[in-house]
Each structure stands twice: as structure tokens, then as C-alpha cells.
Amino acid sequence: MASFIQHPLTTGWSFTDSNEQASDTWMSVASVPSVVHQDLQANGRLQDPYIGFNELEARWVNEKSWSYRNVFQKPTVPAGSRVVLAFDGLDTFATVRLDDKIILESNNMFLAHRVDVTEALEAEGDHVLLIDFDCAMLRAKELRKQDPKHNWASFNGDPARLAVRKAQYHWGWDWGPVLMTAGIWRDVRLEVYSARIADLWTDVDLAADHQHARVDAYAEVDATEDFFFRAIFTLSKDGKEIARQVTTPDNKVAKVTFDVDQPSLWWPNGYGDPNLYEVSVFLEKDQIELHHVSQKIGIRTAEVVQRPDKHGKSFFFRINGVDVFCGGSCWIPADNLLPSITRERYRSWIELMVAGRQVMIRVWGGGIYEDNNFYEACDELGVLVWQDFMFGCGNYPTWPELLESIEREAVYNVRRLRHHPSIVLYAGNNEDYQVQESAGLTYDFEDKNPENWLKTDFPARYIYEKLLPEVMDKHSPRTFYHPGSPWGDGKKTSDPTVGDMHQWNVWHGTQEKYQIFDTLGGRFNSEFGMEAFPHLSTINHFVEHEKDKYPQSHVLDFHNKADGHERRIATYLVENLKTATDLETYTYLTQVVQAETMMFGYRGWRRQWGDERHCGGALLWQLNDCWPTISWAIVDYFLRPKPAFYAVARVLAPLAVGIRREHHDWSVTHAQPPKTSKFELWVVSSVQEERTGTVELRFLSINDGQEVRENVVHENITIQPNGTTNLIVDGLIDYKEYPEPHVLAARLWVDGQIVARDVDWPQPFKYLDFSERGLVVEKVSETAEQQTLKIRAQKPVKCLVFEERDGVKISDSAMDIMPGDDQTVTVRGFKAGDSLKYKYLDH
């Protein structure tokens, strides 16, 4: 018997417009995976669609069908072996021919396929593999016409997208372009084997006291004949084998059990080490290794705690018995041209999350089930994953063929991903229940008969409440399943007392003041956001002409896909800041607003964690971009953090202090100032043990930096573990007694070190005088690896932002600097003698 051999089909491809196959128009493909937009660019047939208005010039690609061809030689096939042609992803309507014979027809981008081509490759010599990719946009419109009775209600993109199992954001979204890709978007290869491990999975049972774990490991065997095999399983940690068992497959499945004493648990970022074990299985016959497969696993428990309380019903995550406040972000695909996302790029994104003290990433339901590299990075770095199934913002049809395809898609992806310890929740969809509400579709939560659901004008309920949970029960029963995001026990999706919610009444909806964001939340806030421009270097990348480099230029507006973005950006800027017309300042001001908005939301919601887990977590919309654009992302397409990234990181520190005076709505009072203000002071902790600290609250004049009243100091306070310690809940400022506009500046000391700061400013900033701050940024040390900057000011400084450069890591930015409170920033990746530019409010 011969060992398993792979022959990647990465090179030797060519492609053409499907209507021109007969002519001499075949163009080269550098390598696959790739999609047609990449290949057209490489052949000089398409300009970069991310630059200027080039997206419009690329629209013709969306309405074409494309063909890919590869001529390869038959591999060596030992006696008794089979040859399989394996496709990990075809985008999307693909007809595959081998030597002019159809061997596969696919209509689901999210599926992998395996085709036995042993007999087809009996002839020696060259063989021709041809893949025709039919136009997904046109096919979608045809499918929609075939079901006119269905209510095609949706948000974003052409409603016909609901008929096609393709990444929904390819139809365009309110942050991304319309780029209908086609092609071999994941690996394709020939496999030659007589026996292989078709699947490896584990079931991990951790004892309540965490002192023992049982790891059941299973391997499914795919063989050409029913031979006698040995399956050798090993369990390793840090490269060292700690257990080994040998067994034989029974009915094509081999199973062993490992007992692990004193297991090293997998913990999320900030709560412990993300320890990983490796399970491997080697398939042997007559002492010949035929195939082996390995997987990294984590030993941990994960649950979503939903229990009645004074606020309604909780919704928070508990990992290894520890309640975890899930501060984090939502994730969209990191590129419209998916094969361009490298393993290193995935890793860099997740490393940024860890640097920003974020605990959870939500894979949004309008994108893709991400590449293995994404989840491996989350496993290795301790980032929890909330995984949506790929349904977004629509009322999906449910004809039998589509349901069958959806079920195969769900089974394949759940089986592919089920070993990742980072994945702690699957959600059935993104905002489809909100579409149901907005379109007035039928949803009787009390009707528990799934066959009835299919007969209503909201048949997609069958997918989320029957099909997907059944797949989960069978293939990943220990992972929590949530019917949708947002969703809460069949109540309105805006109900703040149960489930998760998407809070868009800042920016969208009623466009509330961002200063009251924390009053708008629910039990788990899985979407909320504020737009900001990307960095000037990113704008310079996609704006080609100097004449277009002003805030409201046509090309800048074109790179903001959000409806009404002009009014909404303008509203939040004009309400809060002195406006500007030059692009650099305008960009900075939008970033200040975004940073403040995220801070107000996170700060207040994290404080609520200590109130019977009133808020279980907050996932901002969104971490990243899929192209260079203006959006809600807190890190732009080129992985350049916006100021909001740093603002969020400070609020999510293990120990954080909070100070806030009550909001005074100046727009309602016609800019009349308040006579008094209440204020509150608190400390939040994600540390599991009690800590002792000191909190100082200062009242500093904005005009001259002097103290306007006596400091308040709380010494030797006991900081409640994993919760909130309220220090002042009824503070009062009388502006007759203290008329000078002043900040409330709080600092927290633990073990003699300042570990947290917070500053509350009089609002709005536009009424304040920020002239002559006396800011000094001084380089106090420099090595080949790092510079250390010391920052001081004579008067309060708002939002000191350092220039972002590729390859340069800044320890902090978007900082408020107070007199008498010097701060230090370290900068890595700089050339000796170089220096960063910086900007602060009104400078």
C-alpha cells in the first residue's frame, strides 16, 4: 500500500471570458487560489478597483462568466490507490469538466468538494481540467424571478443575493464595493492514496474542579479496501508527547480516550494563557505510515449564562467557570479579493486585537466562514470567536434544493471548525429577524411546528430554528447556538432585557448623542459604531489627484458607502467640535468623534458588568475594512489603528477607572450651560482577585491648568474582583461656586504605580478654548529597537494622536494629557533619530 500524496494544482492555469473560449484569448494565471479580478489586474485588463472611481470601471466583470483551464499530467498511481480531485472552494456557480466530461456542478461558495477521478485518469499523458464559472449576479436574478411569491425583503445589496450561497457582501454593503468575484478561491489539488484520515475530531470533558479532563479522539478512515489498519493516536503539549494509544478502526471510525490530570486550560486574552494541546493520528498498515493528521485543541469549558435577574434575563459568557466581560469587535472579510489575505495578515489582525485588550471577535454573517488561519490565530492568541452562519440582512427563500445546499454547507463548516477552542457561539444569522420586523413578516414564536414556518412569508425561520440547531446538536453539541444576532427568546430585537442587541440609534435611527450611549444598551451589545475617516496615508492611496483631497470631494464620498453619511458625519462633528475644511484636520476630527463615541459606550457598559452582569459584553462595529474606505472600522484596510482603537484599549484594561458627570443636552437647552452637574467615580476590574488601590480625582481648569477645587482622594480602597467598585455616585458640581470650565481627571494607583486614567470634559468641545496648551513631547531614551517619549502639558490637552506608520508600534495614542501628570509612550520599529508627527484638538 502507498502513502497519501498530495499534488497541489497551484500553477499552470489560464483563464478567459467564457464566451471567448474558442478564440485565442486565454490569459495566464500566476497561481491559484485566485479570483478573476486579481487575474485581470495581473494581465493589465483591469485597474485596481480600490483606487479612485475604478470600482465603476470594473462593473463589467460582475456581469460576465469566466472559464479557468489547467493541463496536467496524470500523477503516479500505485496499485490499489485512488485519485481524488479536491476543491476547497469554488466561487460560486461552477461546472467542472475533466477531458470534456462533467465531473462536478457546484452552486455554493462555502462548500468543499471531492471527486473520485481514478477511472477518468486511467489514460497516461496530459489531461485537461476546465472550470466554467457562470455569472452569479445574473443567476441570482434568474432565481429570484422563479420565485415571485417569496417576499424578498432585505437590507443592502440586490435582494436577489438571497437566492445564492455566495458571500453576501460581494453584492455591495454600506461599507464595501460591488465586486462579484469568481474563481478558484481556495486550494485545489490531486490526492493519491489507498487510505487516509478523512476527519479527526475530539470531545473534551473537563471536570468541574478543573483537575482532570477526558479527551475522546475520533478518526474517520477513508480506504479503497477494507484492510486491517492500526490507528496510532498521540496527545502532545508544547511539542512533547504526553500520551499515546493504538487502536483499530471499527466501522471506519477509530476512537481512543486520553485522561489528562492537571490539564493546562485554554484561557481568553487577559484571563490566562491560551494553552493548546495537539492531537495526532497516524494510520498504519504493515508498519508503513499511510497518512497522518494533526489538530490543535484546547481544554476549556464555555457557556452562555442566561438567567432571570432584576434587569430581565442575562446574556454573558463564562469560560472555565470565570465570568468574562466580552469587550471586542465585529469582523468583516479583510478583503474583497479573498485569496489576497495571507496567513501573516490574518495573524496581524488578531495580534492587533490582543494589543487592544479585546477578548472577542464576531465573524459577521454576510461574509465567509473564515480561513483556517484566522481561527488558528484566535486559538493561539486567546481571542474568543462568535461565529455567525452566513445569512445577513434578508428574508431567505427555502426551496428544497436550497435547504439541502444550506444543510451541507453548515455540516461541512461546523465539522471543519469544531476543534477550535476559540469558537464559543454560533449564531444563525445577522439581522434577519430585524428584516422580519421591518417588513412585517409573520413570526409567531409560540408556534413550534417547523412545517408551519415554511408556509409563512418568513420561511427562513426554518433555517435558524430547526435546520442549523439540528446540525449543531449532531456535530458540535457542546457549542452554544443562538438563533440570530440580534435575538432574544422571540421578543423584539430591540428589547434591552434579553439576548443580544444591535444598537444603531447613535449614527443610524434616532441619531442620539454619543454621550448617552451607555443608556441605550442591552444585555449584550453585539453591534454599535461611529464612522471615521482612515488615516491620511490611506486616503492618499485611493485618492489619485490633489484636487480631490478635500473633505467632501466626489471620490471621498464614493469611498463611503453608508446611506446619508454626509449628514451624519456632519451632525456629530457640528454638534461637538469646531469644524475644519482642510482634509488633515477634518480627518482627525472625525476620528476624535469616533474615539469619544466608542469610549462612552464601552466605559458605561463595562461599568454595568458589576451590576448583576447587566451588560455581558460589547462588540463594536467594526474592527476592519475590506478595502481602503471611510467606515465604522477602528483600524483601516492597511492595519493602521485609528484613535478609537487606543480609546477602547484603555477602557478594556484589566483595571480601569471611570469618571463622568451627567450629560447636559446643550442642543435642547439652546446652549445654555447647566447650573449644577452630578458626577460619578468608579473602578472596574477583570482581575479575579481583590486588589487594593488609591484613586485621586482632580478638578483642573481648562483655561490655565490650575486646580479649581480640592482634590478628592480615596486611599486603600478594595477593588472588587471581576466587577465594579463605585466610589462616588452622588457627587455634585455647583457652577456658581466653580464657574471656571474644568475637567474631572481621575487616576488609579495600584502597588505604587498609575495603572489607569480617565478624564471627563465639559461638553461640547467646540465651546472650549484649547489655545496655548504648553505641550511638550520629549525623547528621553533611544535604542536600536525602541524610543521612549515623555509627554507633559501646562494645560489640559485633548486627544493627542501620533502619526501611524507601517511597521511602527506605538504603546498609546489618542491620549488626554493633564498638567502635573506626565505620561510615557514607547515607539518600536523606528529608525534612529526619526520622530513621529502628532496632533491634538484645536492644534
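Positions are given from 1, in the same order as the sequence printed here. Remember, it's a predicted structure, so these values are computed and weren't measured experimentally.
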Quiz item: Above 12 or not: heavy atoms from other molecules or residues under 6.0 Å from NZ of Lys561?
Solution: yes

Practice problem: Would you check, one step at a time, whether the test salt bridge (charged side-chain N to carboxylate O under 4.0 Å, His left out) holds for Lys296 with Asp379? | Solution: CA-CA 8 Å; Lys296 297 282 185 68; Asp379 291 345; over 6 Å; no

Practice problem: Would you mind reporting whether Val61 and Thr181 have side-chain heavy atoms less than 4.5 Å apart? | Solution: no

Self-check item: Closest approach of Ser154 to Val435 (non-hydrogen atoms, all atoms of both residues)
Solution: N-CG1, 4.2 Å

Self-check item: With His113 via side-chain hydrogen bond (donor to acceptor under 3.5 Å, both in side chains) - residues at least two apart
Solution: Ser106

Quiz item: Nearest heavy-atom pair of Leu402 and Leu162: which atoms, and what distance?
Solution: CD2-O, 4.4 Å

Practice problem: For Trp627 and Gly176, work out which heavy atoms get closest and say how close. | Solution: NE1-CA, 3.6 Å

Quiz item: How about Asp473: does its CG atom have over 12 heavy atoms from other parts shown lying under 6.0 Å from it?
Solution: yes

Quiz item: For residues Ser485 and Asn430, is any side-chain donor paired with an opposing acceptor at under 3.5 Å?
Solution: no

Quiz item: Is any side-chain heavy atom of Val363 less than 4.5 Å from a side-chain heavy atom of Val385?
Solution: yes

Quiz item: Under a 4.0 Å N-O cut-off, is there an ion pair linking Arg189 with Asp88?
Solution: yes

Quiz item: So does Arg343 pair up with Glu376, basic N to acidic O under 4.0 Å?
Solution: yes

Quiz item: Relative to the ring of Tyr462, is the ring of Trp453 parallel (under 30°), tilted (30 to 60°) or perpendicular (over 60°)?
Solution: perpendicular

Exercise. Inspect the contact between Arg196 and Asp222 and indicate whether a charged nitrogen and a carboxylate oxygen are less than 4.0 angstrom apart.
Key: yes

Practice problem: State, with a plain yes or no, whether a side-chain heavy atom of Trp201 is found less than 4.5 Å away from one of His419. | Solution: no

Quiz item: Got a sec, which residues hit ring-ring contact (aromatic ring centres under 6.0 Å, His included) with His420, two or more places apart in sequence or on another chain?
Solution: Tyr375

Quiz item: Should Asp226 and Lys252 count as an ion pair when the cut-off is N to O under 4.0 Å?
Solution: no

Exercise. Quick one: sort the Phe110 and Tyr369 rings into parallel, tilted or perpendicular, breaks at 30° and 60°.
Key: perpendicular

Quiz item: Do Ile341 and Tyr346 touch side chain to side chain, with heavy atoms closer than 4.5 Å?
Solution: yes

Quiz item: Does a donor on one side chain and an acceptor on the other come within less than 3.5 Å for Tyr412 and Asn108?
Solution: no

Practice problem: Please report the closest heavy-atom contact between Ile332 and Cys626, naming both atoms and the distance. | Solution: CD1-N, 3.8 Å

Quiz prompt | Neighbour count >12 (heavy atoms, 6.0 Å) for atom CG, Asp147 | solution = yes

Quiz item: Once the angle between the rings of Trp331 and Trp349 is folded into 0 to 90°, is it parallel (under 30°), tilted (30 to 60°) or perpendicular (over 60°)?
Solution: perpendicular

Quiz item: Do Gln41 and Pro49 come close enough that some side-chain heavy atom pair is under 4.5 Å?
Solution: yes

Quiz item: Honestly, is Arg69 close enough over Trp13, meaning NZ or CZ under 6.0 Å from the six-membered ring centre and within 45° of the axis?
Solution: no

Quiz item: Under 4.0 Å between a Lys/Arg side-chain N and an Asp/Glu carboxylate O for Glu351 and Arg347?
Solution: yes

Practice problem: Would you confirm whether the ring centroid of Tyr481 sits within less than 6.0 angstrom of the ring centroid of Tyr426? | Solution: no

Quiz item: Are Asp335 and Arg345 within salt-bridge range, i.e. N to O under 4.0 Å?
Solution: yes

Self-check item: Test item: side-chain donor near acceptor, Asp388 and Trp386, under 3.5 Å
Solution: yes

Self-check item: Beyond-backbone contact of Phe87 with Ile131, side-chain heavy atoms, under 4.5 angstrom
Solution: yes

Quiz prompt | Residues which pass ring-ring contact (aromatic ring centres under 6.0 Å, His included) with Trp364, listed by chain and number, not counting sequence neighbours | solution = Trp173, Trp175, Trp621

Quiz item: So, Phe458 versus Tyr433, ring centres under 6.0 angstrom or not?
Solution: yes

Quiz prompt | Test item: side-chain donor near acceptor, Arg416 and Asn372, under 3.5 Å | solution = yes

Quiz prompt | For Glu289 against Ser3, the heavy-atom pair lying closest together | solution = O-OG, 2.7 Å

Exercise. Begin from the C-alpha positions of Glu527 and Arg362 and carry the test salt bridge (charged side-chain N to carboxylate O under 4.0 Å, His left out) through to its verdict.
Key: CA-CA 9 Å; Glu527 275 193 27; Arg362 171 177 169 248; 3.0 Å; yes

Quiz item: Between Asp432 and Tyr396, is any side-chain donor less than 3.5 angstrom from a side-chain acceptor?
Solution: no

Quiz item: Within the distance-only criterion (no hydrogens, no angle test), does the side chain of Thr16 pair as donor or acceptor with the backbone N or O of Ser18 below 3.5 angstrom?
Solution: no

Quiz item: With side chains defined as the heavy atoms from C-beta onward, is the minimum distance between Leu290 and Lys285 less than 4.5 Å?
Solution: yes

Exercise. Decide salt bridge (charged side-chain N to carboxylate O under 4.0 Å, His left out) for Arg45 and Asp39; before the verdict, give the C-alpha distance in whole Å, the side-chain angles of both, and the deciding distance to 0.1 Å.
Key: CA-CA 9 Å; Arg45 292 282 307 277; Asp39 299 328; over 6 Å; no

Quiz prompt | Pairing of Arg418 and Asp199 as salt bridge, 4.0 angstrom limit | solution = yes

Quiz item: Is the centre of the Phe638 ring less than 6.0 Å from the centre of the His541 ring?
Solution: yes

Exercise. Identify which one of Arg408, Met109, Met390 satisfies the side chain to side chain contact (heavy atoms under 4.5 Å, CB included) criterion when paired with Arg165.
Key: Met390

Self-check item: Nearest non-hydrogen partners of Pro33 and Arg186, listed with the distance
Solution: CG-C, 3.6 Å

Quiz item: How about Phe133 and Phe93: are their ring centroids closer than 6.0 Å?
Solution: no

Practice problem: Fit a plane to each ring of Tyr68 and Phe15, take the angle between them on a 0 to 90° scale, and name the class: parallel (under 30°), tilted (30 to 60°) or perpendicular (over 60°). | Solution: parallel

Quiz prompt | Whether Thr224 side chain and Gly80 backbone form a donor-acceptor pair below 3.5 Å | solution = yes

Exercise. Look at atom CD of Glu220 and say whether more than 12 heavy atoms of other residues, nucleotides or ligands are closer to it than 6.0 Å.
Key: yes

Quiz prompt | Ion pair check, Lys474 and Glu470, cut-off under 4.0 Å | solution = no

Quiz item: Are the aromatic ring centres of Tyr193 and His291 under 6.0 angstrom apart?
Solution: no

Quiz item: Does the side chain of Ser280 pick up a donor-acceptor pair with the side chain of Ser294 at under 3.5 Å?
Solution: yes

Quiz item: Under a 4.5 Å cut-off applied to non-hydrogen side-chain atoms, are Val36 and Lys64 in contact?
Solution: no

